[in-house]
Amino acid sequence: MPQLDVTTFPSQLFWLGVCFLALYGILYYVALPKITRVLESRERTLEEKINKASLYREQAETLLAEYEAALASARSESQEKSRAMARAVSSEMAHKQKEFLDKINDRLHVGEQELFRARLETGSNIKEVSRELAKAILEKLTGRTYSLEELDR
Amino acid sequence: MHDPLHQFEIHSLIPLKLEGVDISFTNSSLFMVVTVAITTIFLVGGMSRGKLIPGRWQALVEMMYGFVATLLDETAGIKGRKYFPFIFSLFMFILMGNLVGMIPYGFTFTSHIIVTFGLAMIAFGTATLVGFIRHGFRYLTLFVPHGAPFYMLPLIVPIEILSYLSRPISLSVRLFANMMAGHTMLKVFAGFTVVLGIFGVAPLAVNTVLTAFEILVAVLQAYVFTILTCIYLHDAIHLH
């Protein structure tokens, strides 16, 4: 078995030592710093991006809040205005309606009075006419003249 | 028929001697260097552009990083993060070594007990060192379990010490045995395929399945080695 050939041992151990030390040196001074540098820079970049993203998100959130506040105030303002307008309009309307009703009532009143007067006038007229008529009829029938006073009796 | 163990043979490519000790550059050393090179290209190349949104290659590198980082965090805790480069090197070295060994005609240096023992000693030694540096001699209280009746201590403490010292052995043998057994089996079935001629299709099919299985084992053993090292580190940092 070649593994048990003791004469090769010093050479193998020597070269193992040399090679392992060389590899350790290369890794320690060249390869590992390179890897760590890349990994660290990646971590840093990721962190920066994450920070930036969260900053943007915060900004967006404040913007949204501002927008919503503005929207709410505008909405309440417009509601307030429309309510005031409605109130004004309805009071105006009531006022006008009242005025109109008053006017109508006035006219109605006047009309009624006129009607009443007209009715009275026509009532007295009818009496006069019927008296005249009755006198005329009697005069025709009897052939004599009557005074109105006689007829009234 | 080829000797299934032939693939584990070590031959010198560039003979070298240091103070009389043979430290020749061998095929094993070559594949260690190749592993280091591939790991470096994989990690550095994948991150070369360092894009914010990773491509496939970069994503793979980052996945490896994330995988080992979570593993360490979950087993050794936050305080273990300091040792991440060490754990990551260990994981990548074993993983890539195992995977490079899966290439035909390649060499698997993790199939040699001395290499896995060396790796285990690196892991174990580091953990022990961390323990003594953090806690000084209080680290030795690791061998005294909480709530054990004091008259049992003469029995428990030696057992604890023994189990602590056997950690590198179990670590190294686990990785070595897995890699060697798998590669031997692959070679045995490959030998059958050659010998049986047209009927070699059957062992070839087995070999195909085994290759996939071996890749799983390669990844799994690297993971096991790493997680055990993390657990030892946890002990060293937190003392139980």
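These values consider heavy atoms only, across backbone and side chains, with no hydrogens, waters or symmetry-generated copies.
Looking only at heavy-atom pairs under 4.5 Å with chain A, the residue among B:Thr26, B:Val61, B:Val21, B:Ile122 that has the most is B:Ile122. Interface remark: of the candidates B:Ser12, B:Ser24, B:Gly46, B:Ser24 forms the most heavy-atom pairs closer than 4.5 Å to chain A. Counting heavy-atom pairs closer than 4.5 Å to chain A, the top-ranked of the candidates B:Val44, B:Leu119, B:Leu52 is B:Leu52. Between chain A and the residues B:Leu18, B:Ile53, B:Val115, the largest count of heavy-atom pairs under 4.5 Å involves B:Val115.
Interface remark: B:Ser29 contributes backbone and side-chain atoms alike to the contact with chain A (heavy atom separation under 4.5 Å). Both the backbone and the side chain of B:Leu90 come within less than 4.5 Å of a heavy atom in chain A. For chain A, the nearby part of B:Leu16 is the side chain; its heavy atoms alone come within less than 4.5 Å. Contact of A:Leu46 with chain B is not made at all, since no heavy-atom distance falls under 4.5 Å. With a 4.5 Å cut-off on non-hydrogen atoms, A:Ile26 touches chain B through its side chain but not through its backbone. For A:Phe14, the part lying under 4.5 angstrom from a heavy atom of chain B is the side chain only. Both the backbone and the side chain of B:Phe93 have a heavy atom closer than 4.5 Å to some heavy atom of chain A. Of the atoms belonging to B:Met121, not a single heavy atom falls under 4.5 Å from chain A. When heavy atoms are compared at a cutoff of 4.5 Å, A:Leu23 approaches chain B by way of both its backbone and its side chain. With a 4.5 angstrom heavy-atom cutoff, A:Ile35 touches chain B via backbone and side-chain atoms both.
Rounding to the nearest 0.5 angstrom, the gap separating the CE atom in B:Met32 from the CZ atom in A:Phe20 is 12.0 Å. Rounding to the nearest 0.5 Å places CG of B:Leu43 at 7.5 Å from CG of A:Leu32. Rounding to the nearest 0.5 Å places OG of A:Ser11 at 10.5 Å from NZ of B:Lys17.
More than 12 heavy atoms of other residues, nucleotides or ligands shown are found within 6.0 angstrom of CZ on B:Phe67. No more than 12 heavy-atom neighbours from other residues, nucleotides or ligands sit within 6.0 angstrom of CD on A:Glu92. Taking a 6.0 Å sphere around CZ of B:Arg134, one finds it holds more than 12 heavy atoms contributed by other residues, nucleotides or ligands. In the displayed structure, A:Tyr29 atom OH is contacted under 6.0 Å by at most 12 heavy atoms of other residues, nucleotides or ligands. No more than 12 heavy atoms of other residues, nucleotides or ligands sit less than 6.0 Å from atom OH of A:Tyr28.
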Problem set entry | side chain to side chain contact (heavy atoms under 4.5 Å, CB included) evaluation trace for B:Phe31 with A:Trp15 | CA-CA 10 Å; B:Phe31 273 88; A:Trp15 285 104; over 6 Å; no
For this session: Under the side chain to side chain contact (heavy atoms under 4.5 Å, CB included) rule, what do A:Gln3 and B:Phe176 come out as? Steps first, then yes or no, please.
Result: CA-CA 10 Å; A:Gln3 278 91 340; B:Phe176 150 72; 3.6 Å; yes
For this session: Go through A:Cys19 and B:Thr35 one step at a time and tell me if the side chain to side chain contact (heavy atoms under 4.5 Å, CB included) criterion holds.
Result: CA-CA 9 Å; A:Cys19 289; B:Thr35 298; over 6 Å; no
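With contacts defined as side-chain heavy-atom distances shorter than 4.5 Å, the pair B:Ile10/A:Asp5 does not qualify. At a threshold of 4.5 Å between non-hydrogen side-chain atoms, the residues A:Pro2 and B:Leu5 count as touching. For the pair B:Tyr65/A:Leu39, a side-chain contact is recorded, criterion being any heavy-atom separation below 4.5 Å from C-beta on. The shortest side-chain heavy-atom distance between B:Phe117 and A:Leu13 does not fall under the 4.5 Å cut-off.
Sorted by first and then second residue, the salt bridge (charged side-chain N to carboxylate O under 4.0 Å, His left out) pairs with a member in residues 24-48 of chain A read A:Arg42-B:Glu62; sequence neighbours excluded.
A pairwise comparison of heavy atoms in A:Pro10 and B:Ile23 identifies O-CG2, 4.2 Å as the closest pair.
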